[in-house]
Every structure is written in C-alpha cells, then in structure tokens.
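Source: prediction; values computed, not measured.
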Amino acid sequence: MSITATELKNNLGKYLLLSATEDIFITKNGKVVAKLVNPHQNRVETAKSLFGILPKDANIEATRAERLNAK
C-alpha cells in the first residue's frame, strides 16, 4: 500500500495497525521516502511455513541434548 506523508500523519494509528499485515510505503512529492513494516514479519512468516512440519511434541531442550550427544 502506498500513502502520502500527510495521510500517515493524519491517520497514524490506522496505518500502524495495517503495517502488521502489509508493508506501507510513504510518499512525499510523489516519491517513496519511507517504508513502514512489521518488525516481526519475517518471524511470523517463518513460523507459518513450519506449521505442520514440526511434531506437536517437539522439545528444543531434548533436540539440543541429542545434538550434543551425537558429537
């Protein structure tokens, strides 16, 4: 989504909420000057991509112990 700097200033709360689901490009005088993004977007997408792959009983401590014992 692309919005003007004035639009962002007038409706900051709205665009902060929207930035959780999509990138917001801010323009000034017709040129993109900034991008508002969710700082956790990559983590969320990574977690979503693993859904269904990891077993429900996955345990990080047990996995670490297995790796240490395998060496």
Check [X] against [Y] and note the closest heavy-atom contact, atom names and distance.
| X | Y | result |
| --- | --- | --- |
| Tyr15 | Ile24 | O-CG1, 4.2 Å |
| Ser19 | Leu36 | CB-CG, 3.8 Å |
| Ile26 | Thr4 | CG2-C, 4.2 Å |

Atom CG of Asn29: over 12 foreign heavy atoms under 6.0 Å: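 Counting other residues, nucleotides and ligands, CG of Asn29 stays at 12 neighbours or fewer.
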
Interatomic spacing from CG in Leu8 to NZ in Lys14 - rounded to 0.5 Å: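 Output value for this atom pair is 11.0 Å.
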
Euclidean distance, Leu18 CG relative to Asn11 CG, rounded to 0.5 Å: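 Going from the CG atom of Asn11 to the CG atom of Leu18 covers 10.0 Å.
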
same_hphob_cluster(Leu12, Val37) at 4.5 Å side-chain heavy-atom cutoff: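 No, separate clusters.
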
ILVMFWY cluster, Leu16 and Ile3 together (side-chain gap under 4.5 Å):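 They do share one cluster, since a chain of ILVMFWY contacts under 4.5 Å joins Leu16 to Ile3.
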
Side chains of Arg67 and Arg64 in contact at under 4.5 Å (non-hydrogen atoms):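 The answer is no, as the side chains (C-beta and beyond) never meet within the 4.5 Å cut-off.
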
